[in-house]
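It should be emphasised that the depicted structure is a prediction, and the values quoted were computed from it without experimental measurement. Heavy-atom basis, side chains included; hydrogens, waters and symmetry copies ignored. We count residues from 1, following the sequence as given.
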Amino acid sequence: MFDENMIELHGEYSSQTNFFKKISSRLQELQYVKEEFCNKIQEREKKFPTGLVTKSFDVAIPHTDPEYVKRSFIYVIRLKPTLAFCKMGTDPMEHELVYPKLIFLLGVNKGELQLTILQSLMKLFSNEKQMSSLLEIKEKSSFLQHLQKYLSTNEI
């Protein structure tokens, strides 16, 4: 589910579209997603925004339907600078924006697993100490260990 190659500690993207294209291309090269993934995740983000305001800072959890995912993954990007995402639960036409510092891009090929992952991420998002440490960690390996340690205790 987690892989050090799917952690970016200094993600820089010019736009949300640029972000989705580059990440989707990388995931396709690594054989994690199907060709349609990029279009489908962007379509879903436009209809059902995934930007969240948490106690610590804004995050986003973009994802799409399992049929576009070959192998399940969580791709984590720590952004510098941030990108605009529409806030979850709002009308995308109203453009209520959040500016996530972390993006957890989910690719799940089994629908029932998606709910479990989202629940575990929500627990992480509510833990200010854990979230703050994710902004401070300097090495990918440490970031990965921290994430795995925390999320494995929450049944992913």
Side-chain angles (χ1 to χ4, degrees), residues 1-13 15-16 18-20 22-24 26-27 30 32-33 37 40-42 44-66 68-69 71-92 94-156:
M1 180 79 44
F2 288 107
D3 182 326
E4 201 170 302
N5 292 319
M6 288 193 222
I7 294 175
E8 289 184 35
L9 298 180
H10 306 287
E12 291 188 40
Y13 299 92
S15 67
Q16 193 182 101
N18 173 261
F19 165 77
F20 283 125
K22 285 189 175 183
I23 298 294
S24 295
R26 178 164 173 77
L27 289 167
L30 295 170
Y32 277 90
V33 299
F37 180 83
K40 296 301 179 181
I41 198 163
Q42 288 182 86
R44 190 185 187 292
E45 188 67 31
K46 285 177 186 168
K47 291 179 187 171
F48 305 104
T50 63
L52 286 172
V53 175
T54 73
K55 291 179 185 178
S56 305
F57 50 83
D58 297 348
V59 298
I61 49 173
H63 53 283
T64 193
D65 297 322
Y68 307 109
V69 178
R71 295 187 293 157
S72 294
F73 64 88
I74 300 176
Y75 198 123
V76 184
I77 304 96
R78 189 166 63 193
L79 292 171
K80 286 198 170 198
T82 62
L83 294 173
F85 273 73
C86 287
K87 186 177 177 184
M88 184 183 286
T90 64
D91 181 346
E94 293 178 13
H95 299 289
E96 191 173 334
L97 302 176
V98 298
Y99 295 88
K101 292 183 179 182
L102 285 174
I103 296 177
F104 293 80
L105 186 111
L106 308 180
V108 182
N109 60 5
K110 294 182 179 112
E112 63 276 5
L113 182 58
Q114 186 165 298
L115 180 59
T116 302
I117 292 170
L118 289 171
Q119 288 171 334
S120 292
L121 286 173
M122 292 303 174
K123 288 179 186 175
L124 172 63
F125 299 161
S126 67
N127 187 320
E128 291 180 64
K129 181 180 177 187
Q130 297 297 327
M131 291 293 284
S132 293
S133 66
L134 291 176
L135 293 182
E136 296 167 11
I137 294 172
K138 305 259 188 271
E139 301 292 324
K140 283 186 180 185
S141 58
S142 299
F143 192 96
L144 179 62
Q145 288 174 351
H146 186 82
L147 219 52
Q148 286 176 322
K149 181 181 174 185
Y150 185 81
L151 293 177
S152 67
T153 63
N154 285 299
E155 297 145 15
I156 286 189

Flag side-chain contact, heavy atom, 4.5 Å: [X] against [Y]:
X    : Y    : answer
C86  : L97  : yes
L105 : I41  : yes
L79  : K101 : no
D65  : K40  : no
V59  : I103 : no

Sole candidate of E96, E45, E94 that passes salt bridge (Lys or Arg N to Asp or Glu O under 4.0 Å) when paired with K87 = E96

State, to 0.1 Å, how close [X] and [Y] come at their nearest heavy-atom pair, and which atoms those are.
X    : Y    : result
F85  : G51  : CB-CA, 4.2 Å
L83  : P100 : O-CD, 3.1 Å
I61  : M88  : CD1-CE, 3.8 Å
H63  : R44  : O-CD, 2.8 Å
L9   : E139 : CD1-C, 3.6 Å
L124 : L134 : CD2-CD1, 4.1 Å

Go through the steps to decide whether L121 and L106 satisfy the test side chain to side chain contact (heavy atoms under 4.5 Å, CB included), and finish with yes or no.
-> CA-CA 11 Å; L121 286 173; L106 308 180; 3.8 Å; yes

Would [X] and [Y] count as having a side-chain donor-acceptor pair, cut-off 3.5 Å?
X    : Y    : value
Y32  : R26  : no
S141 : E4   : no
S133 : H146 : yes

Taking side-chain contact (heavy atoms from CB on, under 4.5 Å) as the test, write out the residues that go with V69, two or more places apart.
-> F37, F73, N109

Nearest-0.5 Å distance, [atom1] of residue [X] to [atom2] of residue [Y]:
X    : Y    : atom1 : atom2 : result
S132 : E128 : OG    : CD    : 7.0 Å
M122 : I117 : CE    : CD1   : 12.5 Å
M6   : I23  : CE    : CD1   : 10.0 Å
R78  : K140 : CZ    : NZ    : 11.0 Å
F20  : T64  : CZ    : OG1   : 9.5 Å
Y75  : S24  : OH    : OG    : 10.0 Å

Side chain to side chain donor-acceptor pair (under 3.5 Å) with Y13: of E8, K80, K22, only one passes, and it is E8

Among pairs that include at least one residue of residues 53-62, which meet side chain to side chain donor-acceptor pair (under 3.5 Å), considering only residues two or more places apart or in two chains?
-> none

In chain order, what residues pass the ring-ring contact (aromatic ring centres under 6.0 Å, His included) check against F125, with sequence neighbours excluded?
-> F104

